[in-house]
Trainee: 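Structure provided below as structure tokens; questions to follow.
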Amino acid sequence: MYFDAQSALTLYKVNLQFSFRLCDLLRENALRWNEAGSRAVDTCAAELENATTRMLDASDWSRLALVSSDLYWKALQLQTRAVQHLAETTLSNHGSLSAATQEAVSAWQKEAAAALKETTGAMPISTTLQDYLQDYLHLLSPEGASARRKSTRSKPH
């Protein structure tokens, strides 16, 4: 079987583009997770700043105790929202990455098939594989197997 150098180069480029696309998708996914983490930290910092300001503004011990007791419930609400936001972010990021990866794989399959079709001179892939394996098919036939056995017996050890 003869492979055209230009077609092989085209197939190589298709595979390289696919690799770059997957790297880009992973980078975009990492950026989405980074943004989600930044929002969570910003929310936590804002809540901590708010609580600290309320404690500093307390004019007496009873007011300070009231603010302190309220912090537990605020923290619980914040953690509940954070867990909910994490679940939403996970589903959103997974869905986006999954859909984009499926599109990339589909495009790669089409481009690779076109490059292989060009490489094989528009022959079906089964014909191409048959041509490629033709040199080895005679070894699978009964005559080829007996010839192999004879050649291994006749060799001195």
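Counting begins at 1 with the first residue of the sequence.
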Trainee: Look up atom OG1 in Thr80 and atom NE2 in His85, then write down how far apart they are to the nearest 0.5 Å.
Mentor: 14.0 Å

Trainee: If you look only at distance, which donor and acceptor atoms sit under 3.5 Å apart when one is on a side chain in residues 38-52 and the other is two or more places apart or in another chain?
Mentor:
residue : atom : partner : partner atom : Å
Ser38   : OG   : Asn34   : O            : 3.1
Thr43   : OG1  : Arg39   : O            : 2.8
Thr52   : OG1  : Leu48   : O            : 2.8

Trainee: Looking at side-chain heavy atoms only, is the closest gap between Thr89 and Arg32 below 4.5 Å?
Mentor: no

Trainee: Got a donor-acceptor contact below 3.5 angstrom from the Ser69 side chain to the Leu66 backbone?
Mentor: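 Confirmed, Ser69 side chain pairs with Leu66 backbone.
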
Trainee: Heavy atoms, side chains only, cut-off 4.5 Å: are Gln109 and Val105 in contact?
Mentor: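 The answer is yes, as the side chains (C-beta and beyond) meet within the 4.5 Å cut-off.
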
Trainee: How long is the straight-line distance from CG of Asp24 back to OG of Ser19, given to the nearest 0.5 Å?
Mentor: 12.5 Å

Trainee: Could you name each residue pair satisfying ring-ring contact (aromatic ring centres under 6.0 Å, His included) that touches residues 6-64, not counting sequence neighbours?
Mentor: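 Applying ring-ring contact (aromatic ring centres under 6.0 Å, His included) to every pair that reaches into residues 6-64, excluding sequence neighbours, yields Phe18-Trp108.
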
Trainee: Nearest 0.5 Å, what's the CD-CG distance between Glu35 and Leu31?
Mentor: 6.5 Å

Trainee: Find the distance between CG (Leu16) and CZ (Arg21) and round it off to the nearest 0.5 Å.
Mentor: 14.5 Å

Trainee: Would you mind reporting whether Gln17 and Glu111 have side-chain heavy atoms less than 4.5 Å apart?
Mentor: yes

Trainee: Of all heavy-atom pairs between Ala115 and Thr10, which one has the smallest distance, and what is that distance?
Mentor: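 The answer is CB-CG2, 4.1 Å.
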
Trainee: Taking side chain as C-beta onward, heavy atoms only, is Arg63 less than 4.5 Å from Arg54?
Mentor: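 Heavy-atom side-chain distance check fails, nothing below 4.5 Å.
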
Trainee: Hey, what do you get for CG (Asp57) to CG (Leu64), rounding to the nearest 0.5 Å?
Mentor: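 Answer for the CG-CG pair, Asp57 versus Leu64, is 11.0 Å.
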
Trainee: If we only count heavy atoms from C-beta on, is the Ser106 to Lys110 side-chain gap below 4.5 Å?
Mentor: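 Contact flag for Ser106/Lys110 side chains = yes.
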
Trainee: Kindly work out whether a path of hydrophobic side-chain contacts (I/L/V/M/F/W/Y, heavy atoms less than 4.5 Å apart) joins Leu78 to Val67.
Mentor: no

Trainee: How long is the straight-line distance from CG of Asn29 back to CG of Leu97, given to the nearest 0.5 Å?
Mentor: 4.5 Å

